[in-house]
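Presented below is the structure to which this report refers.
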Amino acid sequence: VIVVLSGGVGAARLLRALRRVHDPAEVTAIVNVGDDLELHGLTICPDLDTITYTLAGLNNEELGWGLRGESWRVMDELAALGGAAWFRLGDRDLATHLFRTQRLREGATKAQVTAELAEHHGVTERLVPVTNDPLATRFGTDEGELSFQEYFVARHHDVVVRSLSLRGASTARPAPGVLESIATARRIVIAPSNPLISIEPILAVPGVREAVIARRGDVVAVSPIIAGAALKGPADRLLHELGHEASCVGVARCYQELAGTLVIDQRDERRAPEVRDCGLDVRVTTTIMADPDDARRLAQEVLA
Ligand code: GDP
Ligand code: CA
């Protein structure tokens, strides 16, 4: 089994690419839940949903989130009422959150609901939230502390971040199977997800970081930063604001104790020696997954 530590979009693309070179029934994604939120009384899990929708072939490529062919009648009506319509939830997407919330109220765990949604959508990879317990990434800013979606959606990640914290991390327990799958995987992949707000919340669940470190020789990370920039989202900006270098070398330093190998983009080839100086093996390839053949090549490299 291949284990993939996963955020949202970057991880979803890598998981889709892995399908071309590995049996999806033997892939386990351990997914960040630090972005999860309660809104309108509903439990929303953005990274789990992004992965499920992408692997089901239902993701909205234009928006970069949600379902394709979505309609917005509920949001339009809610906005007209003066309700909280800043966090856009499409009509069909809402059904996911209604279903999840109902099942949680019935006593199901987040992991169980995730498996039910994946099965419904024909997704054969095993998708596991890193924890069933509450975990929330918080952003320290000059305007005070912001929740994940206040920072990401309401402020369009356009505010200086001074610090990050993870509410609930010290008491969260790994979901069933998380530590076991890390301990026994043939390969552990750190997806090209945001190191600070997608991967770090996974590692912060007690026991997970230690489990990954124990497998360091079999851990391969893919840099989400290419030529000093994120393809999408605030990873470059956040790295810089929080004192890291926004480059594949900065990513190497973040993952130094966790990963034996870092895959960097060919545009960063000249930085390979600096990655090696961090104590990581380095592989250089095209890491942009827009083209299916490039995506397959990256997947092969990650499993090599
Ligand atoms: P989010 O939770 O949806 O924001 O997504 P993630 O944390 O999983 O991924 C965000 C990161 O994915 C960004 O830093 C992007 O640079 C990176 N990313 C997205 N697509 C690709 C890709 O095709 N290749 C690489 N190397 N990184 C990607
Ligand atoms: Ca996310």
Side-chain angles (χ1 to χ4, degrees), residues 4-18 20 29-37 44-55 59-61 63-66 87 127 129-130 135-139 147-153 156-157 164 166 189-203 220-242 244 246-248 250-252 254-255 262-268 271 275 282-299 301-302:
V4 184
L5 306 188
S6 300
V9 171
R13 289 184 180 157
L14 184 68
L15 287 162
R16 189 171 58 190
L18 281 170
R20 308 190 53 174
I30 298 178
V31 184
N32 172 41
V33 292
D35 310 9
D36 293 9
L37 68 156
I44 302 165
C45 304
D47 286 353
L48 285 164
D49 290 344
T50 292
I51 291 174
T52 305
Y53 293 164
T54 302
L55 293 177
N59 58 306
N60 189 317
E61 298 274 359
L63 286 177
W65 49 272
F87 192 82
L127 310 183
V130 63
L135 188 64
T137 302
R138 312 275 303 171
F139 294 77
S147 73
F148 193 95
Q149 305 302 343
E150 281 167 347
Y151 167 75
F152 217 88
V153 179
H156 308 285
H157 47 75
L164 289 172
L166 272 166
V189 182
I190 303 180
S193 292
N194 189 315
L196 302 175
I197 56 174
S198 289
I199 301 301
E200 178 57 29
I202 298 174
L203 300 167
V220 176
V222 181
S223 176
I225 305 292
I226 299 170
L231 291 182
K232 182 175 162 282
D236 45 4
R237 182 175 168 162
L238 275 177
L239 281 166
H240 178 70
E241 287 172 355
L242 294 169
H244 305 271
S247 73
C248 63
V251 173
C254 290
Y255 293 151
L262 182 69
V263 182
I264 65 171
D265 195 80
Q266 57 192 21
R267 285 163 66 192
D268 289 316
R271 308 226 49 192
V275 174
V282 58
R283 291 187 198 148
V284 184
T285 186
T286 314
T287 65
I288 300 175
M289 292 177 275
D291 175 83
D293 288 332
D294 288 341
R296 181 173 40 73
R297 208 169 309 121
L298 175 62
E301 203 60 62
V302 152

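When a ligand or atom number is given, it counts from 1 through the structure's own listing order.
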Below 4.0 angstrom from a heavy atom of [X], which ligand 1 atoms are there? Numbered from 1 as shown, please.
{"X": "Ala230", "value": "14 (O), 16 (O)"}
{"X": "Ile288", "value": "23 (O), 24 (N)"}
{"X": "Ser193", "value": "6 (P), 7 (O), 8 (O), 9 (O)"}
{"X": "Lys232", "value": "13 (C), 14 (O), 15 (C), 16 (O)"}
{"X": "Ala235", "value": "14 (O)"}
{"X": "Asp47", "value": "2 (O)"}
{"X": "Gly7", "value": "8 (O)"}
{"X": "Arg13", "value": "19 (C), 20 (N), 21 (C)"}

Shortest reach to atom 15 (C) of ligand 1 by a heavy atom, considering only Leu239, Ile264, Leu231: Leu231

Provide the closest heavy-atom pair for [X] versus [Y] in the form atom of the first, atom of the second, distance.
{"X": "Ala299", "Y": "Ala17", "result": "CB-O, 3.6 Å"}
{"X": "Asp268", "Y": "Ile225", "result": "OD2-O, 3.7 Å"}
{"X": "Asp265", "Y": "Thr287", "result": "OD1-N, 2.7 Å"}
{"X": "Gly7", "Y": "Val31", "result": "O-CG1, 4.2 Å"}
{"X": "Met289", "Y": "Gly10", "result": "CE-O, 3.8 Å"}
{"X": "Pro234", "Y": "Asn194", "result": "C-ND2, 4.2 Å"}

First locate atom [atom1] of [X], then atom [atom2] of [Y], and finally report the distance between them rounded to the nearest 0.5 Å.
{"X": "Phe148", "Y": "Asp47", "atom1": "CZ", "atom2": "CG", "answer": "7.0 Å"}
{"X": "Cys45", "Y": "Asn32", "atom1": "SG", "atom2": "CG", "answer": "10.0 Å"}
{"X": "Leu14", "Y": "Ser6", "atom1": "CG", "atom2": "OG", "answer": "7.5 Å"}
{"X": "Asp236", "Y": "Glu241", "atom1": "CG", "atom2": "CD", "answer": "9.5 Å"}
{"X": "Asn59", "Y": "Ile51", "atom1": "CG", "atom2": "CD1", "answer": "11.5 Å"}

Proximity of [X] to ligand 1 by residue part, where a heavy atom lies under 4.0 Å:
{"X": "Ser223", "result": "backbone"}
{"X": "Leu298", "result": "neither"}
{"X": "Pro224", "result": "both"}

What protein heavy atom is closest to [atom], reported as residue, atom name and distance in Å?
{"atom": "atom 3 (O) of ligand 1", "answer": "Val9 N, 2.9 Å"}
{"atom": "atom 10 (C) of ligand 1", "answer": "Asn194 N, 4.0 Å"}
{"atom": "atom 11 (C) of ligand 1", "answer": "Pro192 O, 3.4 Å"}
{"atom": "atom 23 (O) of ligand 1", "answer": "Met289 N, 2.8 Å"}
{"atom": "atom 25 (C) of ligand 1", "answer": "Thr287 O, 3.4 Å"}
{"atom": "atom 6 (P) of ligand 1", "answer": "Gly8 N, 3.5 Å"}
{"atom": "atom 9 (O) of ligand 1", "answer": "Gly10 N, 3.3 Å"}
{"atom": "atom 7 (O) of ligand 1", "answer": "Ser198 OG, 2.6 Å"}

Criterion side chain to side chain contact (heavy atoms under 4.5 Å, CB included) on Ile264 and Val251, from CA distance to verdict: CA-CA 10 Å; Ile264 65 171; Val251 173; over 6 Å; no

Heavy-atom gap Ala11 to ligand 1 smaller than 4.0 Å: yes

Proximity flag Thr50 to ligand 1, non-hydrogen atoms under 4.0 Å: no

His157 and Tyr151 aromatic ring geometry - parallel, tilted or perpendicular at 30°/60° bounds: tilted

Side chain to side chain contact (heavy atoms under 4.5 Å, CB included), paired with Phe152, selected from Ile197, Asp35, Thr137: Ile197

Residue among Cys254, Pro224, Ser247 satisfying side chain to side chain contact (heavy atoms under 4.5 Å, CB included) with Leu239: Cys254

N or O pair under 3.5 Å between Asp35 and ligand 1: no

Any N/O pair Ile225/ligand 1 closer than 3.5 Å: no

Vertex the Ca ion (ligand 2), arms to Asp35 OD2 and Asp47 OD1, rounded to 10°: 100°

